[in-house]
Amino acid sequence: MFNPKETDERKYLDKVLEKLAAALEKIEQKITDYSGEILEIKRYMYENLSQLDSAEKAANRIAVNENINSGERAVTERTKLQKLIQSPYFGRIDFADGNDLKEQSFYIGVHGFSDSHAADNIIFDWRSPVSSMFYDFETGPAFYEAPIGKIEGTLVLKRQYRIRQSEMEYMIESSLNIGDEILQKELSQNSDDKMKNIVATIQREQNAIIRNEAAKVLIIQGAAGSGKTSIALHRVAFLLYRYKETLTSNNILIISPNKVFGSYISNVLPELGEENILEMSFEDITASMIGKKYKYQTFFQQVESLLDDESPEAIARIKFKSTNNFVEQLQSYLEYAGDKYFEPVNLDFGVLSVSKEDLLLRYYAYKRLPIKKRLEKIADDLIAKCRRDAKLARQIKGSILKLFKFSDAVLLYKNFYRHIKREDLFQFISKNTFEFCDVFPFVYTKMYFDGTGQDYKEIQHLLVDEMQDYTPVQYAVLAKLFSCKMTILGDSNQSVNPYSSSAVEKIQPYFAGCDFMELHKSYRSTIEITDFAQKIQENKKLIPIERHGDKPSITVCNTENEQFNKIQNVINQFKQSGYTSLGIICKSQKQADQLYKKAGAVYDDISLLDFNSNEFKEGIIISSVHMSKGLEFDQVIIPDASDDCYKTQLDRSLLYIACTRAMHKLDLTCYGKKTKFI
Ligand SMILES: Nc1ncnc2c1ncn2[C@@H]1O[C@H](COP(=O)(O)OP(=O)(O)OP(=O)(O)O)[C@@H](O)[C@H]1O
């Protein structure tokens, strides 16, 4: 079909809406039928229970389950149709296939839709092969990868629509890249309490990441606000569509910084018609590996303690354990320990004796196993020879375990520092409590000594967000735990702990043959806010999107009270504005807690985010920089932007992160001298 004009498009939209309404009616009927059927079978079983034999009961149960499954599928279908009725499609391309030169129109939406009476799709899913041309090409020569191979031809027309509540608000002819006009309109909107899908305005370089099927491990470095997290979630939706026969949401795991971030991103996949995926933090993964006997400082606590007191010794310990060289040293030590610390002796258990040479041979035969497993295997082999004598079995096991110099992974780990003659680099914070910088080196050692004790075989794709906050040894642990495909994303400019941050070069060595892609365009903030943030910490590659707003304001006050009055003024102005979210971002959690106490006495509609918070809420939020990572607000206030508060390398990085959370408006306040970074 070919609709040359807007009136034709409106008529066409009405036709599509009619078809969608008819399909919805049909599916509603099906849902009613399924639930009627379930009730009917259950009633029949209840009334005739005593007469039914077990085969009949089983057959009825199977029938109930089948109806439930079909009913659930129909409900999912109904949700998709209801969404499509609100906004059936956002794009159209007319493509002339190079072979038959026949022009065909493809309407593209969040979900696909086909009329049961017609052979052709009425709406194409944005993830379908043909839809890729909408994102990849301007009018002119174009191609797409179909299941049968590459299809080349000419893109004759490209159009964008904004349809809301079944009404077309506007349509735009876009011969060029996906209409800047529509993108501008999308970006200038107010923030939502949850991240939203961006299918209508995905940019070409973003589409290349979403549809990259070749990479086993894909590392994405992107500037603040370049859409990394959005793109990673759209990539998951794409992979679930592309590999729907073999991949389900249960096969995907996301490693995210905290629960608030998890709640913030939790809408995107359901909006795209997919189920949410399992989310864990790095610490969730390791908690069970460390065991109950030992406690540990969290990453959040480490950063907070650095904000309290930048002890040069603590920084030295963190820095030392954040290099690739450290992982290599630890690995060589473990190999050395595996070889040298097994000290066999001739053993005589009366009914059974074994020479040290024999023990050594057995130890080497199990080389691919963790040390403790090797010892247990040797013991099991010997025990198998002595006919169920429980006492002797215990004796053998005890003697074999003692042949290794260290009885547990903690002792083996501590000895590493003795081995490299740097005992100053290890200390417990308090009894049996690891510093955060020791958590993953210890886990790595424990994996070598005890094994992983974890099984992530069902995970086929792992997503790691905020990659810059994880150290090489954390990646070494990940590489041992997961052998699946991965998407790893982050921004080396946004580290909450620059002493331990990882750029791409530090991550690559753990994932042989990984691919690397970069996103330079930044979409979140106005050009004024981006320019301001760039002065704090420059990212030479960043390209801001051309969108204007107020210049960030800096108010220097004489007293703390004066500053608090200023903050109140800004809050009151925000309440009069049309904006929906205001983030008041403090350097540390302690400062956030204090401000919340003060502001909470004046306002009853302010929420505090801390590491125990579970969700992201709309409205006015007080947060530390660390907790605000990955989030965004219409407006941001940064209190205490003084020279006293923001002075170190870590502070600079935190200030940058705080500023880049603002979409439309940014205000900084301080009392005393303002920070040298602004
Ligand atoms: N193609 C696009 N169309 C519309 N909006 C976009 C597009 N790309 C990104 N955005 C918007 O830009 C903002 C930033 O996106 P996102 O949070 O995914 O970026 P990020 O790179 O993960 O940010 P950061 O690292 O700073 O937390 C979001 O509001 C997102 O909707």
Side-chain angles (χ1 to χ4, degrees), residues 162 177-196 198 200-203 205-206 222-231 264 491 493-494 519-555 566-567 569-585 616 618-621 623 625 628-639 641 652-669 674-675 677-678:
R162 187 172 163 105
N177 201 8
I178 291 189
D180 275 353
E181 235 176 303
I182 290 204
L183 181 60
Q184 286 283 348
K185 285 187 193 198
E186 287 295 320
L187 297 175
S188 54
Q189 297 214 346
N190 287 343
S191 67
D192 288 339
D193 59 340
K194 301 253 155 102
M195 183 175 256
K196 52 186 187 293
I198 54 164
T201 49
I202 291 168
Q203 301 295 292
E205 71 274 16
Q206 296 177 324
S226 58
K228 294 178 293 296
T229 305
S230 309
I231 294 311
Y264 174 62
D491 176 11
N493 274 298
Q494 292 186 63
L519 288 170
H520 302 308
K521 212 166 203 173
S522 178
Y523 298 93
R524 176 179 297 128
S525 313
T526 61
I527 223 163
E528 288 75 12
I529 294 171
T530 305
D531 282 351
F532 184 83
Q534 283 280 80
K535 282 187 194 122
I536 298 170
Q537 189 164 275
E538 193 181 12
N539 173 354
K540 285 204 170 72
K541 292 180 174 173
L542 184 144
I543 307 164
I545 191 103
E546 194 70 37
R547 186 169 71 81
H548 288 277
D550 290 347
K551 265 193 157 170
S553 76
I554 306 165
T555 311
K566 171 67 192 173
I567 293 173
N569 286 343
V570 182
I571 293 176
N572 295 339
Q573 278 162 18
F574 161 79
K575 289 186 170 202
Q576 303 304 316
S577 74
Y579 294 145
T580 47
S581 67
L582 170 68
I584 306 178
I585 307 181
F616 180 70
E618 225 173 44
I620 308 171
I621 281 175
S623 162
V625 177
S628 74
K629 264 164 71 84
L631 308 179
E632 64 186 17
F633 304 89
D634 289 325
Q635 184 175 350
V636 164
I637 304 178
I638 301 177
R652 179 199 282 263
S653 186
L654 294 180
L655 190 60
Y656 176 79
I657 298 173
C659 292
T660 54
R661 301 305 95 201
M663 295 164 71
H664 312 301
K665 199 165 181 323
L666 174 63
D667 300 286
L668 296 93
T669 64
K674 71 179 169 74
T675 165
F677 300 131
I678 53 178

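Keep in mind the model is a prediction, meaning the values are calculated, not measured.
- Side-chain contact between Lys194 and Phe616: absent, with no pair of heavy atoms (C-beta onward) separated by less than 4.5 Å.
- Rounded to the nearest 0.5 angstrom, Ser226 OG and Lys541 NZ are separated by 12.5 Å.
- Across Gln206 and Tyr523, no two heavy atoms sit closer than the pair NE2-CE1, 3.3 Å.
- In this structure, the separation between OG1 on Thr555 and NZ on Lys566 is 3.5 Å, given to the nearest 0.5 Å.
- For the pair Gln537 (side chain) and Asn493 (backbone), a donor-acceptor distance under 3.5 Å is present.
- Here the side chain of Arg661 pairs a donor or acceptor atom with the backbone of Leu631 at under 3.5 angstrom.
- Under the 4.5 Å side-chain criterion, counting only non-hydrogen atoms from C-beta, Leu582 is in contact with Ile571.
- Residues Ser188 and His664 share a closest heavy-atom pair of O-CE1, 3.7 Å.
- The minimum heavy-atom distance between Ala224 and Asp491, with the atom names listed, is N-OD2, 3.3 Å.
- Across every non-hydrogen atom of Arg524 and Gly630, the tightest pair is NH2-O, 4.4 Å.
- What you find for Pro639 and Ile585 is that their closest heavy atoms are CD-O, 3.2 Å.
- No donor-acceptor pair under 3.5 Å is formed between the side chain of Ser525 and the backbone N or O of Thr530.
- Looking only at side-chain heavy atoms (C-beta outward), Gln635 and Val570 come within less than 4.5 Å of each other.
- Annotation: side chain of Ile231 is in contact with side chain of Ile198 (closest heavy-atom distance under 4.5 Å).
- In this structure, Leu668 CG and Ile638 CD1 are separated by 4.5 Å, a value rounded to the nearest 0.5 Å.
- Between Phe574 and Ser577 there is a side-chain heavy-atom pair separated by less than 4.5 Å.
- Looking only at distances, no side-chain donor or acceptor of Lys665 sits under 3.5 Å from a matching main-chain atom of Ile529.
- By the 4.5 Å heavy-atom criterion applied to side chains, Ile536 and Arg652 are counted as neighbours.
- Rounding to the nearest 0.5 Å places CD1 of Ile545 at 12.0 Å from OG1 of Thr526.
- Residue Lys575 qualifies as enclosed at atom NZ: its count of foreign heavy atoms under 6.0 Å is above 12.
- Residue Phe532 comes nearest to Cys659 through the heavy atom pair CE2-SG, 3.9 Å, listed as atom of the first residue, atom of the second, then distance.
- Panel note: side chain Asp634, backbone Ser581; a donor-acceptor pair is recorded below 3.5 Å.
- A side-chain donor-acceptor contact under 3.5 Å links Glu528 and His548.
- The NZ atom of Lys228 lies 7.5 Å from the CG atom of Leu519; values are rounded to the nearest 0.5 Å.
- Within a 6.0 Å radius of NZ in Lys196, other residues, nucleotides and ligands contribute more than 12 heavy atoms.
- Leu655 has its side chain within reach of Ile678: a pair of non-hydrogen atoms, C-beta onward, lies under 4.5 Å apart.
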